[in-house]
There are 2 protein chains.
Amino acid sequence: MQNPKLEDVAALAGVSKTTVSRVLNNRGYLSEKTKQKVFDSMKALHYQPNDVARQLFSKETKMVGLIFPTTANPFFGQMAAQLEMKLFNAGYKVLIGNSMNDPLKEKEYLQKLLANQVDGLIVGAHNQNIAEYNNTNLPIVAIDRVMNDDIPVIASDNYDGGKKAMTLLLKRGARHIVHTDGPTDLQSPALDRRRAYEDMMAANDLPTIVYTVALDSSDAQKKETFRQILKENKKIDGVFASNDVDASLIIQVAAEFQKQVPEDLLVVGYDGTETVRLFKPELTTIIQPIEEMAAMAVSTLMDRIEGKKTPHKIILPVTVHQGTTA
Amino acid sequence: MQNPKLEDVAALAGVSKTTVSRVLNNRGYLSEKTKQKVFDSMKALHYQPNDVARQLFSKETKMVGLIFPTTANPFFGQMAAQLEMKLFNAGYKVLIGNSMNDPLKEKEYLQKLLANQVDGLIVGAHNQNIAEYNNTNLPIVAIDRVMNDDIPVIASDNYDGGKKAMTLLLKRGARHIVHTDGPTDLQSPALDRRRAYEDMMAANDLPTIVYTVALDSSDAQKKETFRQILKENKKIDGVFASNDVDASLIIQVAAEFQKQVPEDLLVVGYDGTETVRLFKPELTTIIQPIEEMAAMAVSTLMDRIEGKKTPHKIILPVTVHQGTTA
DNA sequence: GTGAAAGCGCTAACAA
DNA sequence: TTGTTAGCGCTTTCAC
């Protein structure tokens with residue numbers, strides 16, 4: 001049999017659709033007897049209200065779209081899990097899209113999510129020039145990404161994180177420090193890490209050496225870049241990587257070059273997910289407060305959905321995970 | 001302004017709703033001129049069809065629900081990412097729910113997803129006795145979990161994986177081998193790993209030592225269990241852990257006991273995600289073919305949705321990642 | 001306390 | 001080639 005509908009319940013209980021709807025939503029005056037009859041009929045038919053019909057009427061879906069590069073990356077996987085938990089507690093379901101750093105895919109997702117009438121969006125993906133984000137007045141919150149003046153950004157204190165990382169390297173005596181970075185044309189708060197690097201190097205009269213790593217390059221391609229770094233910079237004695245994946249790859253490549261970490265090369269990563277701290281506790285890294293960021297993202301989105309004013313930028317503090325690599 | 005609807009487009013273009021709908025779905029005969037008029041009006045109004053209304057009519061949402069323990073775990077994070085990609089390519093959106101190994105939450109999710117009229121479900125969560133799974137004739141596919149006779153299971157070859165792990169340990173001379181396992185009351189194909197362990201130990205006339213690790217215990221709690229293991233089994237020289245997280249924790253605990261890996265203790269893990277191979281390449285582990293499993297799960301689900309018959313059990317081969325821990 | 005009827009935005013028979 | 005009308009399953013005025 002097809003799924004029973006409200007009408008079937010009404011027929012079985014011998015009441016009108018209105019009454020069943022009232023019981024369902026606990027609205028208006030109802031005699032106990034009627035209520036009971038209706039409940040019994042619902043049970044008997046295994047009745048399940050159809051949310052799609054409700055959504056059409058109420059014009060809200062209680063769904064939030066998440067657009068992230070990929071949950072396969074521990075940072076985003078953990079962020080997604082935290083967001084999902086907090087949205088669940090706020091009564092929202094989560095429609096997820098992994099953009100894989102592909103602008104086309106991101107655009108398609110955005111369209112699908114809009115078509116699906118999501119009540120809000122949390123974006124952690126990193127593509128440029130997706131005009132559609134501006135064409136909508138859907139509540140949106142960005143994570144670690146500046147989208148436009150109207151979309152609030154949740155970020156960790158990237159400048160301070162960069163300073164902390166550099167302090168570690170400089171204290172341990174590194175002088176020829178390389179920084180790996182994402183594309184600089186992205187308006188990302190993560191650029192503050194680079195600024196901190198540059199400022200600290202300048203303050204110590206040291207020349208900066210920055211390599212850009214494309215977001216969509218494979219691990220193999222990244223390794224090739226890192227081999228290049230080691231070849232081109234014989235005196236390199238420190239690396240401030242913009243994330244823990246890059247840091248790990250660099251450590252692997254360093255081994256190929258017979259460079260010991262930390263003896264010959266100090267390495268500091270970035271992100272400090274639980275996963276990396278579990279699997280690679282020796283990696284010194286800057287911990288982003290994922291849970292707090294998720295909490296702020298969700299509460300900010302809820303504020304937006306309720307039409308409240310929200311700050312444009314929310315910055316949360318980072319901490320250091322002291323391993324042995326720096 | 002509110003989102004424009006089909007009617008607004010029709011009015012602006014000076015045609016009927018039907019015509020606009022036809023243009024939208026490219027159905028029936030339409031003059032080029034009319035089409036153009038309609039397209040222009042859609043552009044002018046930034047028209048976006050409302051999928052909720054379409055879903056109500058078509059009775060399909062093109063959404064698939066995913067119920068997993070948590071995407072924060074690399075195995076599930078990668079599995080979710082792969083499933084999402086493949087479902088996207090098949091034209092489906094993904095509603096995700098992290099059960100956090102909480103039966104109540106899993107039940108709530110299931111209800112929400114059913115209410116939301118998802119077209120299918122892929123379940124990787126591990127709770128027992130959720131009757132609702134049987135009460136529905138929604139197409140469902142399970143990953144690494146036996147749910148009932150009617151729900152197809154996608155799993156990797158756990159028995160062979162267990163054998164491979166044990167072979168590694170035995171070859172390197174381990175004799176007092178402990179196995180850590182999930183709860184045995186779950187009807188999980190992962191139990192085959194344990195069977196393989198028991199069979200191999202028996203074949204070598206060795207006594208089995210199995211510890212059960214609750215799924216919802218924290219890393220700290222797990223570590224406590226592992227300290228116990230080392231205390232209670234002074235002669236232990238090998239561990240076959242049921243997953244890489246446990247393996248990592250055991251290695252950490254072993255260090256507390258001044259046990260060197262692999263000199264004093266051989267360790268083999270399970271799962272072999274890209275993440276663990278990146279962050280902890282030294283860990284010898286059994287690689288589950290996540291991508292292939294995701295592909296089979298999706299194609300099986302599609303078959304189910306189309307009403308085709310599907311095999312009840314699909315088993316995919318595992319491989320060994322040879323590190324230095326065994 | 002309860003019901004009849006209209007409508008959420010869309011699609012598809014059936015006409016024209 | 002295009003329009004009229006009914007209806008997807010639900011909620012809510014408004015009337016009794």
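So you know, we letter chains A, B, ... as the sequences are listed, proteins then strands, and number each from 1. Please read all numbers here as calculations on a predicted model, not as lab measurements.
- Cation-pi geometry between K105(B) and F88(A) is met: the NZ or CZ atom falls under 6.0 Å from the ring centre, inside 45° of the normal.
- Applying the side chain to side chain contact (heavy atoms under 4.5 Å, CB included) test to L215(B) and every residue at least two apart in sequence or in another chain returns N101(B), H126(B), P183(B), L186(B).
- In this entry the distance linking CG of N3(A) with C1' of dC8(D) reads 13 Å, nearest Å.
- For R54(A), no side-chain nitrogen or oxygen approaches OP1 or OP2 of dG9(D) to under 4.0 Å.
- Boundaries of the chain B contact region on DNA chain C are dG9(C) to dC14(C), first to last in 5' to 3' order (nucleotide atom under 4.0 Å from a heavy atom).
- Between dC10(D), dT2(D), dG9(D), one nucleotide has an atom nearer to the side chain of P49(A) than all others, and that is dC10(D).
- Across the protein-nucleic acid pair, E7(B) atom CD and dG3(D) atom C1' stand 14 Å apart, rounded to whole Å.
- The list of ring pair (Phe, Tyr, Trp, His ring centres under 6.0 Å) pairs with a residue in residues 17-45 of chain B, not counting sequence neighbours, is empty.
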Under 3.5 Å, N/O pairs linking protein and nucleotides 12-16 of chain D:
residue, atom, partner, partner atom, Å
dT12(D), OP2, R27(A), NE, 3.1
dT12(D), OP2, R27(A), NH2, 3.4
dT12(D), O4, T18(A), OG1, 3.3

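- Residue pairs satisfying the ring pair (Phe, Tyr, Trp, His ring centres under 6.0 Å) criterion with at least one member in residues 128-148 of chain A, sequence neighbours excluded, are absent.
- Taking only side-chain atoms of K5(A), from C-beta outward, the nucleotide of dG9(D), dT1(D), dG3(D) with the closest atom is dG9(D).
- Counting only residues at least two apart or on different chains, the side-chain hydrogen bond (donor to acceptor under 3.5 Å, both in side chains) pairs with a member in residues 138-150 of chain A are E106(A)-R145(A), N134(A)-N148(A), D144(A)-N158(A).
- Partners of F68(B) according to the ring-ring contact (aromatic ring centres under 6.0 Å, His included) rule, which considers only residues two or more places apart in sequence or in another chain, are F76(B).
- When the side chain to side chain contact (heavy atoms under 4.5 Å, CB included) test is applied to K308(B), the partners found at least two apart in sequence or on another chain are D303(B), E306(B).
- At a threshold of 4.0 angstrom between heavy atoms, the contacts of V52(A) with the nucleic acid are absent.
- K37(B) has its NZ atom 12 Å from the C1' atom of dT1(D), to the nearest Å.
- The CD atom of Q55(A) sits 12 Å away from the P atom of dT11(D) (whole-angstrom rounding).
- Using a 4.0 Å heavy-atom distance criterion, T34(B) is classed as a sugar-phosphate-only contact.
- Remark: S299(A) engages M296(A) in a side chain to side chain contact (heavy atoms under 4.5 Å, CB included) (not counting sequence neighbours).
- At whole-Å resolution of the value, CG in N26(B) and P in dT1(D) are 13 Å apart.
- Looking at T34(B) and S31(B), their side chains do bring a donor and an acceptor atom within 3.5 Å of each other.
- In this structure, the CG atom of N50(A) is 12 Å from the P atom of dC8(D), given to the nearest Å.
- Between the axis at the start and the axis at the end of the helix from dG1(C)-dC16(D) to dA16(C)-dT1(D) there is an angle of 40°, using five pairs per end and rounding to 10 degrees.
- The closest side-chain donor-acceptor pair between K86(A) and Q82(A) falls under 3.5 angstrom.
- Screening residues 44-60 of chain A for side-chain hydrogen bond (donor to acceptor under 3.5 Å, both in side chains) gives Q55(A)-N116(B) as the qualifying pairs, with residues at least two apart or on separate chains.
- Taking K35(A) as the reference, E32(A) meet the salt bridge (charged side-chain N to carboxylate O under 4.0 Å, His left out) condition, with sequence neighbours excluded.
- Here L56(A) lies in heavy-atom contact (under 4.0 Å) with a base.
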